Amino acid sequence: MTGRNPELQSSLFLRSLAGEVTSIPPVWLMRQAGRYLPEYRETRKKAKTFLDLCYTPELAIEVTLQPIRRFGFDASIMFSDILVVPDALGQKVWFVEGEGPKLEPLKDETDLAKLSVDRVLAHLDPVFQTIRGLKQSLPASTPLIGFCGAPHTVATYMIGGGSGTQSEIIRRSYEAPGFVRKVIDQATEASIRYLKRQIDEGVDAIQLFESWASAVPPALVEDHIIAPLRRIVTALKAYAPQMPILAFPRTMASEVVRATAQLPVSAISIETGLSLSEARKQVGQKQALQGNLDPLLMVTGGDAIDRAVDAARATMQGHPYILNLGHGITPDASIASVERLLKSVRG
Ligand code: CP3
């Protein structure tokens, strides 16, 4: 765990998470292992399905290491997906090439009763093997980020069944609030167990992806987003007080960013649509901000990257900052753009 290795403690990423303002910000990218890399596309062919890739430690380790080898990012993120949790609970999950994830949607409490949190850790054993392998093979100074989806986001997929269905959970919570609450609770409980185990296996930080925060109306923010996150963060803080937690409420609503920042988390990741200057007003002085650069910059390239990096750093002067995008890097991004980004940050 964090604390054993002084090289890790002096990494830019963990120093920023500890509230330090570093002269050069650490850089990593959400989805840094992915289809924009030719070596990822090669390895991807060795697995029959996307979930097989997630559950084959040798391959998951390899694709996690690829962007570290190529770019030397300041943090690595274990290769997996947020939807391994519903899969582990016993829900049918599959990925359709070019369309994204599909789940057999939960219609009611009868469907929910078929799932079980007790099977989660055994099912996710390959992920834990991946973490152990990464701790052996990552450079000693590169922290490893573990993660899971935040409960509202995971429940969005469990109830909606896949891409483009994010309003279904909202509709159902007006019609059947008890059912939706139980799904969110199930995701929360599974996530707590999963994350504690990730900590046992040696991750150096945890990121919680609330990718569908933007779909939640103000009246449901506390029940759907904040209360479940509070449960997770409180459980993890009791279990491993020093473990840094990053939360990514993907929304332009600054009240949601503020409410998330009131939890004992070390960093808040900011989506592209909310300005860093506004985000800075919503978080504590010691809480790092992460992200916000437009993923499109990694597609278009050029000196727009330098301008965006300079602007982000100017806004974040005097505040801990982790340079990242406002969402995942896309398959059409270019390697030259990522190289330019790193050059722009590191000189
Ligand atoms: O490098 C990393 O960031 C680690 C791996 C990672 C993946 N998914 C791999 C992946 C992480 C951290 C995730 C998180 C994830 N997965 C989120 C939260 C972050 C976000 O993007 O908002 C969500 C909502 C998912 C669910 C998911 N998985 C979707 C919507 C999709 C399809 C979209 C797409 O890009 O195709 C996936 C598939 C997926 N997960 C891919 C990768 C590399 C692409 C599939 C492939 O390579 O065959």
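Note that ligands are numbered from 1 as they come in the structure, with each ligand's atoms numbered from 1 the same way. Note that this is a predicted model, so its numbers are computed, not measured. Index from 1, following the sequence.
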Worksheet item: Is F128 reachable from I82 through a run of I, L, V, M, F, W or Y residues, each pair having side-chain heavy atoms under 4.5 Å apart?
Response: yes

Worksheet item: Closest non-hydrogen protein atom to atom 40 (N) of ligand 1, residue and atom name please, with distance?
Response: D81 OD1, 2.8 Å

Discussion item. How close do R35 and R41 get, counting heavy atoms only, and between which atoms?
Written reply: O-NH1, 2.6 Å

Discussion item. For ligand 1 and S163, I'd like to know whether there is a polar contact (N/O to N/O, distance under 3.5 Å).
Written reply: no

Item to complete: Would you mind checking which non-hydrogen protein atom is closest to atom 10 (C) of ligand 1, with the distance to 0.1 Å?
Response: F50 CZ, 3.3 Å

Worksheet item: With a 4.0 Å cut-off on heavy atoms, does E99 reach ligand 1?
Response: no

Discussion item. For F79 and Y40, take the angle between the two ring planes, folded into 0 to 90°, and tell me which bin it lands in: parallel under 30, tilted 30 to 60, perpendicular over 60.
Written reply: tilted

Worksheet item: Any chance the side chains of S269 and Q290 put a donor and an acceptor closer than 3.5 Å?
Response: yes

Discussion item. Show the atoms of ligand 1 that are less than 4.0 angstrom away from any heavy atom in F147.
Written reply: 11 (C), 12 (C)

Discussion item. Only heavy atoms of M78, strictly under 4.0 Å: list the atoms of ligand 1 that pass.
Written reply: 4 (C)

Worksheet entry | Check ion pair E222-R230 (N to O, under 4.0 angstrom) | yes

Item to complete: With heavy atoms of H327 as the reference, note each atom of ligand 1 found under 4.0 Å away.
Response: 20 (C), 21 (O), 22 (O)

Response to the item:
If you scan protein heavy atoms around atom 13 (C) of ligand 1, the nearest is R31 NE, 3.7 Å

Discussion item. On a heavy-atom basis, I'd like to know which of P67, S80, G34 is closest to atom 9 (C) of ligand 1.
Written reply: S80

Fill in: Heavy-atom nearest neighbour in the protein, as seen from atom 29 (C) of ligand 1, with distance rounded to 0.1 Å
P101 CD, 3.5 Å

Discussion item. Nearest non-hydrogen contact with atom 24 (C) of ligand 1 belongs to which option: F209, Y157, F95, Y40?
Written reply: Y157

Worksheet item: With a 4.0 Å cut-off, would you call E175 and R171 a salt bridge?
Response: yes

Worksheet item: Tell me: protein heavy atom nearest atom 48 (O) of ligand 1, and distance?
Response: R44 NE, 2.9 Å

Worksheet item: In the protein, what heavy atom is nearest to atom 35 (O) of ligand 1, and what distance, to one decimal place, separates them?
Response: R35 NH2, 2.5 Å

Discussion item. Is the ring pair Y55/H123 parallel, tilted or perpendicular, if the boundaries are 30 and 60 degrees?
Written reply: perpendicular

Discussion item. Quick one about T49 and D52 (side-chain donor to acceptor, distance below 3.5 Å, no hydrogens or angles considered), yes or no?
Written reply: yes

Discussion item. Heavy-atom pairs closer than 4.0 Å: do any link ligand 1 to the side chain of P331, the backbone, both, or neither?
Written reply: neither

Worksheet item: Between R231 and E189, is any pair of side-chain heavy atoms under 4.5 Å apart?
Response: yes

Practice prompt. Give the atoms of ligand 1, by number and element, whose distance to some non-hydrogen atom of A33 is under 4.0 Å.
Written response: 1 (O), 43 (C)

Discussion item. For atom 18 (C) of ligand 1, what is the closest protein heavy atom, and at what distance to 0.1 Å?
Written reply: S211 OG, 3.2 Å

Practice prompt. May I ask you to check whether R250 has an N/O atom sitting below 3.5 Å from an N/O atom of ligand 1?
Written response: no

Worksheet entry | N292 side chain to Y321 side chain, donor-acceptor N/O pair below 3.5 angstrom | no

Worksheet item: Between T272 and D294, do the side chains contain an N or O donor and an N or O acceptor separated by less than 3.5 Å?
Response: no

Practice prompt. Compute the shortest N/O to N/O distance between L83 and ligand 1 and return yes if it is under 3.5 Å, no if not.
Written response: no

Worksheet entry | Atoms in ligand 1 flagged as close to G100, the criterion being non-hydrogen separation under 4.0 Å | 32 (C)

Worksheet item: Is there a side-chain contact between P331 and Y36, using heavy atoms and a 4.5 Å cut-off?
Response: no

Worksheet item: Among L29, I82, I77, whose heavy atom sits nearest atom 23 (C) of ligand 1?
Response: I82

